[in-house]
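Numbered from 1 within each chain, the chains take letters A, B, ... in sequence-line order. Worth saying up front: this structure is predicted, and the values here are computed from it rather than measured.
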Amino acid sequence: MRYLPKSPADRELMLSEIGVASIDEFFQAIPGEYRLDRDLNVPRQMAESEIIDYFRQRSDENAAGYAVFLGAGAYHHYRPVIIDALAQRGEFLTSYTPYQAEISQGTLQTIFEFQTMICELTGMEIANASMYDGSTGAAEAILMAMRVTGREHSVIARSVHPEYREVIHTYLHHRGMPMHFVAYEEQSGEINLDELDRAITSETACVLIQSPNFFGSIEDVAAIADIAHRKGALFVVSIAEALSLGIVKPPAEADIVSLEAQSFGVPLGFGGPYDGVLAAKEKYVRQMPGRLVGETKDKNGKRGYVLTLSTREQHIRREKATSNICTNQALVALMSTIYMDVYGREGLKELATQNLAKAHYAATQFAKKARVLFPNAKRFNEFVVQTKDDPHAMNDRLLEKKIIGGFPLRKFYPELGNASLWCCTEMNTREQIEAVAQAVQA
Amino acid sequence: MRYLPKSPADRELMLSEIGVASIDEFFQAIPGEYRLDRDLNVPRQMAESEIIDYFRQRSDENAAGYAVFLGAGAYHHYRPVIIDALAQRGEFLTSYTPYQAEISQGTLQTIFEFQTMICELTGMEIANASMYDGSTGAAEAILMAMRVTGREHSVIARSVHPEYREVIHTYLHHRGMPMHFVAYEEQSGEINLDELDRAITSETACVLIQSPNFFGSIEDVAAIADIAHRKGALFVVSIAEALSLGIVKPPAEADIVSLEAQSFGVPLGFGGPYDGVLAAKEKYVRQMPGRLVGETKDKNGKRGYVLTLSTREQHIRREKATSNICTNQALVALMSTIYMDVYGREGLKELATQNLAKAHYAATQFAKKARVLFPNAKRFNEFVVQTKDDPHAMNDRLLEKKIIGGFPLRKFYPELGNASLWCCTEMNTREQIEAVAQAVQA
Amino acid sequence: MIRKVSQHVNQNEGLIFEKSSPGKKAYKLPPLDVPEVDPEQILGEYAREDLGLMPEVSEIEIIRHFTRLSTWNYAIDLGMYPLGSCTMKYNARVNEFVARLEGIGNAHPYQPEKISQGALRIIKLLQECLCEITGMDAITLQPAAGAHGEFTGILLIRAHHEAKGNPRKKIVIPDSAHGTNPATAAICGYEIINLKSNAEGMVDVSLLASLVDDTVAGMMLTNPSTIGVFEKDIHRIADVLHEKGALLYMDGANMNALVGKTRPGDFGVDVMHLNLHKTFSTPHGGGGPGSGPVACKRFLEPFLPTPVLTTRKDGLLGFEYNRPQSIGRVRAFYGNFGMFVRALAYIFANGPDGLRQTTEDAVLNANYIRKKLDGIYELPYKTGSMHEVVFSDHLQTQNGVKTGDIAKRLIDYGFHPYTTSFPLIVPGALMIEPTESESKEELDLFIDAMKSIAREVQEDPQLVVGAPHDTRVARMDETSAARRPVLRWKPEAKREAAAVPKPELVTT
Amino acid sequence: MIRKVSQHVNQNEGLIFEKSSPGKKAYKLPPLDVPEVDPEQILGEYAREDLGLMPEVSEIEIIRHFTRLSTWNYAIDLGMYPLGSCTMKYNARVNEFVARLEGIGNAHPYQPEKISQGALRIIKLLQECLCEITGMDAITLQPAAGAHGEFTGILLIRAHHEAKGNPRKKIVIPDSAHGTNPATAAICGYEIINLKSNAEGMVDVSLLASLVDDTVAGMMLTNPSTIGVFEKDIHRIADVLHEKGALLYMDGANMNALVGKTRPGDFGVDVMHLNLHKTFSTPHGGGGPGSGPVACKRFLEPFLPTPVLTTRKDGLLGFEYNRPQSIGRVRAFYGNFGMFVRALAYIFANGPDGLRQTTEDAVLNANYIRKKLDGIYELPYKTGSMHEVVFSDHLQTQNGVKTGDIAKRLIDYGFHPYTTSFPLIVPGALMIEPTESESKEELDLFIDAMKSIAREVQEDPQLVVGAPHDTRVARMDETSAARRPVLRWKPEAKREAAAVPKPELVTT
Ligand SMILES: Cc1ncc(COP(=O)(O)O)c(C=O)c1O
Ligand SMILES: Cc1ncc(COP(=O)(O)O)c(C=O)c1O
């Protein structure tokens with residue numbers, strides 16, 4: 001076995017130093033009837049070249065080289081090559097959680113920089129080291145709001161990503177924590193503010209919206225914040241398309257922001273690993289789930305970083321912890337950190353503006369042949385198109401042109417009929433956009 | 001410019017600290033008439049994604065996914081992924097020649113290990129840190145033999161790689177150093193020993209052969225050594241297929257071995273960079289060209305490595321140096337070092353035996369429909385096939401099946417007619433071999 | 001004598017923000033091929049004006065920044081990582097390679113199934129392998145880490161009881177359990193019954209029997225236990241639970257001791273999670289990502305999260321969403337797919353023989369360390385060890401040295417510390433899990449280091465208490481970090497306003 | 001004060017051979033799909049029996065071996081590399097990425113031209129760009145490095161003269177030249193005329209004129225010179241040579257000072273080489289590979305090595321081999337193609353504006369250092385610097401400290417030394433080339449370090465003479481390395497037989 005650094009002689013020598021005759025002696029504790037006396041029925045040991053061949057075949061069975069117009073919570077952006085060049089360094093890739101600060105300053109400083117940039121982008125005061133993803137982050141944000149407020153109800157926009165809502169439901173319903181879902185406006189796709197206002201009660205821990213929401217519409221964060229705060233509820237904003245923060249005002253009025261940072265240099269990877277993160281107002285820090293890195297000094301006064309406030313966490317607090325999260329998405333957060341450094345203050349804006357221009361152009365093109373819904377919405381890089389055809393049929397036709405069409409919405413929003421959600425990023429060329437807009441007509 | 005770590009303010013500040021008004025002042029030394037007052041006519045600055053697109057298009061225009069039956073000095077072997085994973089570490093990739101031993105021990109120890117393994121494999125006592133490639137290495141080996149012997153003639157087998165012979169010719173003929181080329185045996189492709197014997201005179205500095213030679217035939221190294229040494233000539237063996245050393249006896253009777261180690265983990269890369277290296281008997285060390293790493297101790301007695309015997313080299317000896325070589329192929333030698341570590345003592349043998357089996361099987365298959373030349377030859381992984389068809393025409397047909405056929409020999413050996421040189425490595429599947437053997441018939 | 005490391009120059013590096021200067025760039029965008037837009041016009045009041053303190057740096061500065069930072073880290077690639085319970089084994093590079101193949105790394109989770117068959121086949125084969133390895137019937141790969149797997153598993157138990165009319169109230173958890181176990185039970189709405197371990201550190205089966213009644217939903221058990229010992233009464237434990245209708249959840253963090261030798265499904269476990277980032281070698285990456293598949297017996301399958309993989313009539317694979325009894329989703333999309341690819345590549349590279357040998361070597365290594373250090377460090381529980389061994393600092397505390405100090409001193413000896421302060425049933429624990437990835441040479445260096453430190457404890461305890469001495473930073477002031485948390489960078493001016501002490505420049 | 005580095009633990013590592021043990025493996029081959037063969041039977045007496053001391057190790061040991069070794073190296077990725085004449089600039093990672101694309105990295109040099117058009121187009125475009133940048137008419141990319149380019153270029157000159165009936169006898173080379181220049185002229189069969197530099201360190205044009213006659217084949221000139229100064233009389237130099245039918249060869253090692261600002265083809269150069277591993281950012285890789293294209297004027301084109309790139313009638317690119325006047329091949333295949341890819345990617349990333357700015361920044365950086373260190377170190381030649389500045393240790397030798405010592409002390413300050421003992425015209429030279437890749441921050445740290453060392457030279461010269469102090473190994477005994485060369489590892493037994501002193505174990 002090529003991963004095992006032992007020769008047969010090494011094994012013999014070690015057994016004899018231990019003073020046992022055979023390795024089997026260590027497995028005596030397993031009752032005989034449960035000992036496996038056969039080979040596992042898994043594929044035989046393969047050469048490295050065979051492993052690569054296997055996955056290359058799988059890779060070829062998947063789409064490759066298609067133009068992608070899908071967003072819906074997973075965004076196709078360009079990934080600068082230095083991300084992998086750096087994140088693949090063994091010192092990042094193969095290190096553990098940085099509990100031992102003296103030999104983990106690399107990871108610790110990186111997380112501190114990540115936290116700082118997430119604060120800058122979201123308009124929050126603190127951010128954690130990461131959550132599993134945007135969906136679980138949103139659920140944890142609600143639980144956090146409940147701990148802060150001592151209330152147990154939550155009010156959630158129906159325009160939040162449907163799968164995020166499903167996850168939230170899983171996290172809350174078995175504990176009998178009521179959820180109220182608020183409809184969207186027909187003309188804008190934004191949350192219906194009147195209905196929202198009515199839905200909030202003195203038991204409401206928080207209001208959760210997504211912005212840009214699942215339809216791509218940017219919500220009126222300030223107005224919603226007002227409504228929520230007026231009734232003593234916290235206001236949680238979920239953001240699935242992190243790049244929107246390059247050109248869309250940050251939700252500074254929120255109390256908690258749950259961000260999915262996949263857009264920042266994380267490969268689409270068939271849905272994961274992605275990169276959730278929670279940011280919040282500083283006063284809520286003690287209810288924050290997940291790891292936090294803080295600046296301090298060593299005993300000689302040298303600046304350094306440590307995992308801190310760990311009394312919130314499961315390894316110290318056990319059943320009283322703010323969350324059960326332990327392993328998070330550190331390496332993915334590192335990728336996002338590198339991404340944010342590459343584009344930085346000007347680049348994120350310029351890139352976001354390109355996305356805006358592409359989506360705007362595409363929506364204009366689509367509008368010639370189909371109905372672009374939610375005309376009153378302000379949008380970033382996604383928009384909803386209603387076609388005569390069933391979108392599944394249309395997408396099948398597009399596949400033949402090596403184009404992956406928009407996300408059909410009927411499954412989650414039957415009321416929208418033949419609508420689908422389209423996304424245009426810097427990766428979509430004008431040529432692709434025009435080809436697609438053409439196909440909608442046909 | 002994304003590679004330049006300066007802001008406009010930085011530049012201003014630096015200029016003012018220097019006390020000049022503008023950067024142009026530094027270029028005043030260039031006479032006005034030669035100053036370029038226009039943009040260079042090169043492609044405009046591209047985004048990283050555009051650069052990748054450009055090269056992806058070029059990559060797609062090249063062959064990819066073809067079965068390769070070409071050898072002829074460049075061999076298609078599997079490259080374990082850890083080679084690139086390690087060689088891409090910035091500490092190896094972006095370091096300079098290890099003149100400063102205290103901060104270069106990584107590179108130095110690696111070269112020392114490389115030198116050791118090259119000695120073990122070739123049966124020589126010393127090896128250098130690398131040469132440009134096998135062709136220039138062979139030429140330098142001859143020059144080295146001339147320095148050792150004080151003679152100026154060389155005797156070279158016609159079965160040496162034709163392009164190596166051309167390079168040797170370039171290195172020698174302008175200095176009026178005579179070359180004698182010796183024919184090969186019709187039945188074996190090996191050098192004609194009688195003719196060899198006759199060609200060597202008291203002015204012969206060395207005999208150079210290749211083994212396995214260009215036809216894939218293994219030369220009788222011991223017999224040739226005898227003949228050469230009897231007349232006081234040195235014996236130089238060039239090896240283009242390094243993997244042959246896994247199963248073919250090393251040319252221990254040689255005085256100098258010039259090895260092209262491309263087979264050891266170096267990508268085909270359209271012909272370079274490859275990895276030449278010279279090995280020799282220890283007594284010739286002071287005439288060795290190129291860098292040498294030696295073991296020593298630091299002033300505290302700690303083991304360490306340094307570049308040594310540099311009085312042979314151009315930076316010390318200038319026109320009296322053993323060679324003008326300076327930059328060599330260090331990173332490629334590192335790749336080979338990793339490769340040799342991966343396969344090691346058992347693996348190189350096992351892998352070489354697989355090559356033997358594949359080529360043997362292929363030759364047997366070909367022999368059913370065509371003439372395999374040189375029936376008396378012992379071979380490693382290459383063999384010559386004579387067909388009715390012109391091999392170029394045959395190869396054109398094979399291309400349609402995504403197969404790259406053998407190397408047509410007529411250009412260099414017109415006497416062989418429709419012959420071509422085929423190579424089978426562990427990368428050629430039985431299926432491919434059978435498909436090809438089938439096509440020869442048609 | 002310190003044999004494993006020397007000291008060497010190591011680059012300092014400030015925060016990336018400290019390198020920022022307006023106009024530096026590490027990017028260039030391709031020219032826009034559609035008409036330009038004015039964000040103000042399109043977004044109105046939602047248009048963002050500027051991005052505050054986001055850095056402006058060049059590409060080489062980023063390369064150097066992270067290259068320098070990386071050299072401050074310890075890593076498996078640099079040496080042994082004997083963190084008990086964490087299974088820090090070799091992370092093969094081929095896994096990284098295959099995970100980045102275009103059609104795998106770049107697949108959109110919502111792309112049509114017909115052009116996702118490669119991804120789905122990977123999922124299917126991994127599921128089959130993991131079911132075979134665990135002896136379970138069904139599996140979900142959706143959970144993103146071990147704790148998330150626990151959450152999923154306990155919800156399955158809850159759903160099972162709920163389907164029978166009553167979710168029950170309590171979960172039994174041994175006092176030796178990892179913190180995520182009680183934390184999970186709590187967020188699933190259960191009360192925790194803390195089960196005191198017996199004199200051997202194992203489950204006290206009669207105590208358990210006395211606690212289990214029909215209010216108990218199940219038990220979370222780590223096997224081998226966190227002291228590295230196989231629960232030899234495992235089936236009796238299962239029986240005690242099953243008699244009262246309670247289920248047995250197994251925390252699979254220690255599966256590295258069992259793969260190919262025994263299967264939880266065979267010894268009575270109803271549901272369990274695996275940590276692909278432990279047993280199946282996906283990299284820890286400085287804290288994550290992980291992946292925590294949950295495998296269960298057939299009767300729990302209806303409750304698995306949606307979607308589940310299915311083979312359609314035409315032979316194509318697809319996702320099935322219509323699962324009325326499902327606990328629902330625990331994560332968007334399908335889980336940490338990239339980790340599935342790596343785990344499957346690991347299984348391929350091993351095969352049945354390699355997986356078994358891996359387990360045997362992991363156990364051999366732990367027992368070798370145990371043998372060599374027994375007596376030098378106290379072994380609080382004498383039962384035979386599997387893949388890890390837990391000592392205590394009892395002998396060293398007499399000289400005022402605690403496990404945490406010994407751990408820090410190991411850093412000077414060139415090793416990452418073992419796990420300290422866990423499990424809770426061993427006061428002053430030294431929890432050592434070498435994994436199979438260590439050579440005898442590396443183990444001997446570790447053993448020597450531990451012996452040498454034990455001698456230092458006797459001869460010069462202050463040396464140990466003050467460790468590490470040879471690192472670029474010394475022990476950190478964690479207390480003030482927690483008392484006055486500084487969780488983000490602020491420019492000097494802002495900082496001073498906030499009365500945070502001014503940090504030294506360029507010194508980190 | 002040392003601000004740029006700290007000391008940190010750094011893993012030791014023995015030789016790979018010291019880890020070898022029979023039966024360890026880092027490979028596994030796929031099953032053989034053709035009949036097995038018996039090597040003895042096929043190869044007879046040529047069959048090899050065993051592979052001697054080749055190592056047997058596992059994959060993780062190899063990963064650790066090279067990861068640990070790598071941490072002993074300095075690198076551009078870690079910091080400034082002010083090696084004069086070496087142009088240690090940033091090596092962009094995108095270059096590595098594109099060089100490894102399947103159809104580029106894996107192309108066989110003999111695959112038919114019709115499926116090599118991508119590679120050929122890369123060659124064509126790079127040739128065009130380099131001709132434009134140098135102002136030359138024709139080019140060969142075949143030479144594998146700078147010295148190899150010199151060899152090619154001098155052979156072109158020789159072939160030119162030979163075509164005229166007489167190869168001539170001598171090459172003029174300034175005393176400031178790099179060692180490869182005279183070494184090259186010698187292996188091309190020329191006598192060297194050593195041209196003494198004038199008081200400014202530049203070509204003494206009247207002296208040159210007095211030396212050039214019709215036995216002189218040409219002159220090898222580095223411009224800017226190795227003291228970093230532009231030969232302002234360059235055209236007069238060319239004229240002096242051309243009048244006697246001699247040609248002007250330019251060593252293009254210093255092109256980083258000129259790209260986009262002036263072109264050798266415009267100022268009288270007949271033939272020159274470029275170092276893609278300097279000016280065009282391909283990585284040095286610990287010593288190589290490089291690439292040394294040779295560009296020339298039209299009249300030398302017939303002599304270029306075979307093959308040359310050509311566009312066929314059908315528009316496809318191909319190689320032309322039938323070149324009767326060619327000097328012949330200088331290397332098998334077409335040169336270091338992988339470096340061409342990287343160099344072209346570099347040109348793309350810069351564009352005309354970026355290339356110019358790059359040159360300007362390189363020159364700005366050198367002049368900034370010059371300004372800040374002038375007076376602290378002696379500036380032997382006062383003429384304006386381009387991309388590098390050469391000081392001497394004259395002020396420091398008074399305290400017994402030489403350039404080599406200062407260089408070693410720089411290591412403790414976290415920098416790679418500058419170039420020492422070159423050029424020969426500056427006794428005790430400190431040859432500093434920062435390149436454009438250094439930020440003001442990094443330059444200031446360097447300048448501070450140099451100033452601090454100058455102070456140390458006065459206050460505590462022994463500190464400097466004994467440097468470095470903070471590295472994992474101290475200064476090496478180079479004398480005994482050369483006196484009793486140990487150029488390969490041998491096992492203990494063999495070593496002792498060879499009476500080589502036994503090395504310490506595990507200490508490197
Ligand atoms: C025994 C045990 N259980 C659970 C966990 C939690 O797993 P994760 O970190 O993947 O959430 C760990 C991780 O350290 C563990 O050791
Ligand atoms: C001025 C000069 N000429 C020639 C060379 C030789 O180039 P190479 O090392 O690529 O052979 C160098 C390299 O250091 C140099 O600095």
Side-chain angles (χ1 to χ4, degrees), chain B residues 1 5 10 18 26 29 34 39-40 42 45-46 55 58-59 61-64 86 89-91 94-95 97 101-103 105-107 116 120 132 135 163 166 170 175 267 269-273 294-296 298 303-304 308 314-315 318-319 321 324 327-331 342 345 347 357 361 430, chain D residues 26-27 33-34 37 51-52 54 66 69-70 72-77 98 101-103 105 107 109 115 117-119 129 144-145 147 179 182-184 186 189 230 267 285-290 328-329 332-333 336-338 348 351-352 354 363 371 439-440 471 473-474 476 481 486 488-489 503:
Chain B
M1 244 304 297
D10 291 337
I18 298 171
F26 302 124
Y34 308 131
D39 275 356
L40 284 168
V42 298
Q45 197 180 127
M46 294 184 191
F55 285 105
R58 298 295 81 72
S59 171
E61 289 163 6
N62 272 6
L86 290 167
R89 283 182 60 84
E91 292 91 332
T94 75
S95 61
T97 308
E102 301 87 346
I103 44 173
Q105 285 296 308
T107 296
T116 302
E120 283 301 308
Y132 301 138
S135 69
E163 293 194 1
E166 289 179 22
T170 307
R175 278 162 77 184
F270 207 59
E295 186 178 304
T296 186
D298 77 358
R303 181 170 77 176
T308 192
Q314 48 72 30
H315 63 285
R318 301 178 75 85
E319 63 266 32
N324 71 338
T327 291
N328 60 14
Q329 301 292 114
L331 194 74
V342 168
R345 187 163 185 267
Y361 181 74
R430 178 177 196 143
Chain D
Y27 74 96
D33 62 356
V34 299
V37 294
L51 271 65
M54 294 298 284
F66 290 100
L69 259 54
S70 77
W72 305 350
N73 275 1
Y74 193 84
I76 300 175
D77 281 6
V98 295
L101 291 171
E102 177 68 12
I115 55 169
Q117 291 298 306
C129 288
T184 297
F230 191 88
F267 57 63
R329 280 187 171 278
F333 312 121
N336 282 346
F337 177 76
F348 287 165
V363 170
K371 173 75 180 187
S439 65
K440 181 170 175 300
T471 44
V473 292
M476 289 289 157
V486 178
R488 53 154 299 170
W489 175 82

So, [X] side chain and [Y] main chain: donor-acceptor pair closer than 3.5 Å or not?
X        : Y        : answer
B:Asp298 : D:Ala474 : yes
B:Arg318 : D:Pro182 : no
B:Thr170 : D:Arg329 : yes

Query - From CZ (D:Arg488) to CD (B:Glu295), nearest 0.5 Å - result: 11.5 Å
Query raised in the report: Got a second to check how far B:Ile18's CD1 is from D:Lys371's NZ, nearest 0.5 Å?
Result: 8.5 Å
Closest-packed option against chain D by number of heavy-atom pairs under 4.5 Å, given [options]:
options                               : result
B:Gly269, B:Ser95, B:Ala321, B:Gly294 : B:Ser95
B:Met46, B:Glu91, B:His315, B:Glu102  : B:Glu102
B:Gly90, B:Ser135, B:Pro273           : B:Pro273
B:Ala357, B:Ala101, B:Pro267          : B:Ala357
B:Thr97, B:Asn62, B:Leu331, B:Thr296  : B:Asn62

Can you tell which part of [X] gets under 4.5 Å to a heavy atom of chain D, answering side chain, backbone, both or neither?
X        : result
B:Thr308 : side chain
B:Met1   : side chain
B:Phe26  : both

Heavy-atom pairs under 4.5 Å with chain B, option from [options] with the top count:
options                                : value
D:Leu101, D:Asn73, D:Leu69             : D:Asn73
D:Ala119, D:Ala26, D:Gly351, D:Pro352  : D:Pro352
D:Ala481, D:Ala183, D:Gly179, D:Gly286 : D:Gly286

Query raised in the report: With a 4.5 angstrom heavy-atom cut-off, which part of D:Thr471 approaches chain B: side chain, backbone, both or neither?
Result: side chain
Report task. For D:Phe337, enumerate each residue passing the ring-ring contact (aromatic ring centres under 6.0 Å, His included) test, keeping only those at least two apart in sequence or located in another chain. Result -> B:Phe270, D:Phe340
**Report entry** Counterpart residues, ring-ring contact (aromatic ring centres under 6.0 Å, His included), relative to B:Tyr34 (two or more places apart)
**Finding:** D:His235
Considering non-hydrogen atoms only, spot the tightest contact between [X] and [Y] and give its length.
X        : Y        : answer
D:Phe333 : B:Glu163 : N-OE1, 2.7 Å
D:Gly285 : B:Ala330 : O-CB, 3.4 Å
D:Gly103 : B:Ser59  : N-OG, 2.9 Å
B:Arg345 : D:Met54  : CB-O, 3.3 Å
D:Phe230 : B:Ala29  : CD2-O, 3.6 Å
D:Trp489 : B:Thr116 : N-OG1, 2.8 Å

Query raised in the report: Hey, does B:Gln329 have a side-chain heavy atom less than 4.5 Å from the side chain of D:Asn336?
Result: yes
